[in-house]
Amino acid sequence: IIFYSLTENKKFDPKELPKLFEETIKFLPIDLRQQGNEIIRTWLFDTIVRTKLLTNKIPWKNALIHGMVLDEKGRKMSKSLGNAVDPNEIMDKYSPDALRYWALLAAPGNDYLFTIKDIESGQAFIIKLWNIGRYIEINNAKEGKKGELKEEDKEIINKLLNIINESKKYVDNFRYAEYVKLWRKFVWEDFANDYLEKIKNRIKNNDLTAKWVLYNLYKIILVYLHPILPYVTEYIYQQLYKEKKSISEERFEELIKNII
């Protein structure tokens, strides 16, 4: 991948191979390699040995092994069995983000069952996130100003900070399923069903502090959900915030500093 990126859109000259080789190995080891469990011996081990012999370096620091996708009967999806699902059809019917949501719930190293129920669960979460954004837009929460926080404000901010610390541990250890479940639970139960219900009267009465908390915490939520649901979070960000060219340019540290 590194080699092809260096030669992209260029006419390859074999005489430049030694120079390109030296440029390529500067990037080694890369942080992470992802692959299936069926090619550990033939691909993972082989690449490690070859790279070590040629460069005296290891090719990557971590290897993340994933299993096979199974149909609802527990069989491996394959063309020969005719049980494979066309991801384009799933994305057309639901959304690319719903498919990503399903994929991230897979446990590393284990085979993973494909069910429409899980896709629909992801889509329901996307709709929930969207509806929160609509509520913020309709009530013009952008006009909020930082003021004296009430008990429910302090409580939701503390919960968010705890979720951020906990989720970082999951990401550092490639436990993406736990990351997804943690954020879903926080957004759906703590933020939407609990906090939003508590502040509805304050929002109705134009409480600027409640609007400020709602507006700024939702922005942080979007940023932390962006790796899971990149399309919907980018779209909502551009509609409500648009402070950067892209939501991916936001910095976690700056966002957290703003609410402490």
Side-chain angles (χ1 to χ4, degrees), residues 1-10 12-91 94 96-119 121-122 166-183 226-230:
I1 293 172
I2 298 170
F3 176 82
Y4 283 115
S5 67
L6 291 171
T7 58
E8 187 179 12
N9 300 323
K10 296 178 184 178
F12 177 66
D13 184 353
K15 294 179 181 179
E16 295 183 3
L17 187 58
K19 180 182 176 182
L20 289 169
F21 179 77
E22 292 300 321
E23 289 183 23
T24 300
I25 64 175
K26 290 177 183 177
F27 293 93
L28 301 179
I30 61 174
D31 287 331
L32 177 67
R33 173 184 173 80
Q34 300 182 65
Q35 68 162 64
N37 58 15
E38 81 282 10
I39 53 171
I40 293 175
R41 180 184 61 81
T42 55
W43 191 248
L44 187 144
F45 288 169
D46 182 72
T47 307
I48 292 174
V49 172
R50 285 174 181 267
T51 306
K52 183 68 175 175
L53 288 172
L54 288 170
T55 69
N56 200 33
K57 291 184 175 183
I58 57 172
W60 49 76
K61 299 174 185 176
N62 302 281
L64 182 62
I65 310 299
H66 57 78
M68 296 287 187
V69 177
L70 309 178
D71 66 14
E72 294 187 353
K73 295 180 180 178
R75 302 175 301 172
K76 181 182 78 171
M77 283 192 179
S78 66
K79 290 182 180 179
S80 60
L81 288 175
N83 62 347
V85 174
D86 186 346
N88 291 315
E89 292 180 2
I90 299 297
M91 290 189 288
Y94 298 97
D97 282 342
L99 187 61
R100 286 177 63 92
Y101 178 95
W102 164 82
L104 285 165
L105 289 176
N110 296 328
D111 292 340
Y112 188 39
L113 195 70
F114 177 86
T115 67
I116 291 298
K117 182 180 177 181
D118 290 333
I119 299 290
S121 175
E166 190 175 352
S167 64
K168 186 178 184 302
K169 296 175 185 176
Y170 289 144
V171 171
D172 291 343
N173 290 283
F174 312 111
R175 294 168 60 186
Y176 303 126
E178 285 90 341
Y179 183 93
V180 173
K181 292 173 184 176
L182 184 74
W183 277 102
H226 184 61
I228 306 168
L229 311 170

Check your understanding: How far does CG of Leu113 sit from CG of Leu105, to the nearest 0.5 angstrom?
Key -> 12.5 Å
Check your understanding: Who pairs with Tyr112 by ring-ring contact (aromatic ring centres under 6.0 Å, His included), at least two apart in sequence or on another chain?
Key -> Trp102
Exercise for review: Using the test side chain to side chain contact (heavy atoms under 4.5 Å, CB included), find all partners of Pro87 that sit at least two apart in sequence or belong to another chain.
Suggested key: Leu99
Check your understanding: Which residues pass the side chain to side chain contact (heavy atoms under 4.5 Å, CB included) test with Asp46, sequence neighbours left out?
Key -> Arg50
Check your understanding: Under 4.5 Å between any side-chain heavy atoms of Phe45 and Ile40, yes or no?
Key -> yes
Exercise for review: Heavy atoms only: give me the nearest Leu28-Pro59 pair and the separation to one decimal.
Suggested key: CD2-O, 3.7 Å
Review point. Partners of Asn88 by side chain to side chain contact (heavy atoms under 4.5 Å, CB included), sequence neighbours excluded?
Key: Asp86, Met91
Revision key, fill the gap. Here the pair of heavy atoms bringing Tyr176 nearest to Val171 is CE2-O, 4.4 Å
Review point. Can any side-chain N or O of Asn110 pair as donor or acceptor with the backbone N or O of His66 at less than 3.5 Å?
Key: no
Point to revise | Closest contact, heavy atoms only, Glu22 versus Lys26 | key: O-CG, 3.4 Å
Check your understanding: Going from NZ on Lys79 to CG on Leu81, what distance comes out if it is rounded to the nearest 0.5 angstrom?
Key -> 13.0 Å
Check your understanding: With sequence neighbours left out, what residues match Val85 under side chain to side chain contact (heavy atoms under 4.5 Å, CB included)?
Key -> Met77, Ile90, Phe114
Exercise for review: Please list, chain by chain and in numerical order, all residues satisfying salt bridge (Lys or Arg N to Asp or Glu O under 4.0 Å) with Glu72, sequence neighbours excluded.
Suggested key: none
Revision key, fill the gap. Tightest non-hydrogen contact, residues Arg100 and Pro227, listed as NH2-O, 2.5 Å
Point to revise | Qualifying residues under side-chain hydrogen bond (donor to acceptor under 3.5 Å, both in side chains), relative to Thr51, sequence neighbours excluded | key: none
Revision key, fill the gap. The salt bridge (Lys or Arg N to Asp or Glu O under 4.0 Å) partners of Asp111 (sequence neighbours excluded) come to none
Exercise for review: Please identify each residue that fulfils salt bridge (Lys or Arg N to Asp or Glu O under 4.0 Å) with Lys61, with sequence neighbours left out.
Suggested key: Asp31
Check your understanding: What distance do Ser121 atom OG and Ile116 atom CD1 have between them, rounded to the nearest 0.5 Å?
Key -> 12.5 Å
Check your understanding: Do Ile65 and Leu44 come within less than 4.5 Å of each other through their side chains, counting heavy atoms only?
Key -> yes
**Study point:** Where Ile119 and Ala98 come nearest, the two heavy atoms and their spacing
**Key:** O-CB, 3.8 Å
Review point. Taking the side chain from Lys76 and the backbone from Met68, do they hold a donor-acceptor pair closer than 3.5 Å?
Key: no
Study note, to complete from the structure: Lys168 meets the salt bridge (Lys or Arg N to Asp or Glu O under 4.0 Å) criterion, sequence neighbours left out, with Asp172
Check your understanding: What residues, two or more places apart in sequence or in another chain, satisfy side-chain hydrogen bond (donor to acceptor under 3.5 Å, both in side chains) together with Tyr94?
Key -> Glu120
Point to revise | Spacing of NZ belonging to Lys169 relative to CG belonging to Leu182, to within rounding of 0.5 Å | key: 11.0 Å
Check your understanding: Above 12 or not: heavy atoms from other molecules or residues under 6.0 Å from NZ of Lys57?
Key -> yes
Study note, to complete from the structure: Sorted by chain and number, sequence neighbours left out, side-chain hydrogen bond (donor to acceptor under 3.5 Å, both in side chains) with Asp118 holds for Thr115
Practice item. Please name the pair of heavy atoms, one in Pro230 and one in Asp97, separated by the smallest distance, quoted to 0.1 Å. Key: CD-OD1, 3.1 Å
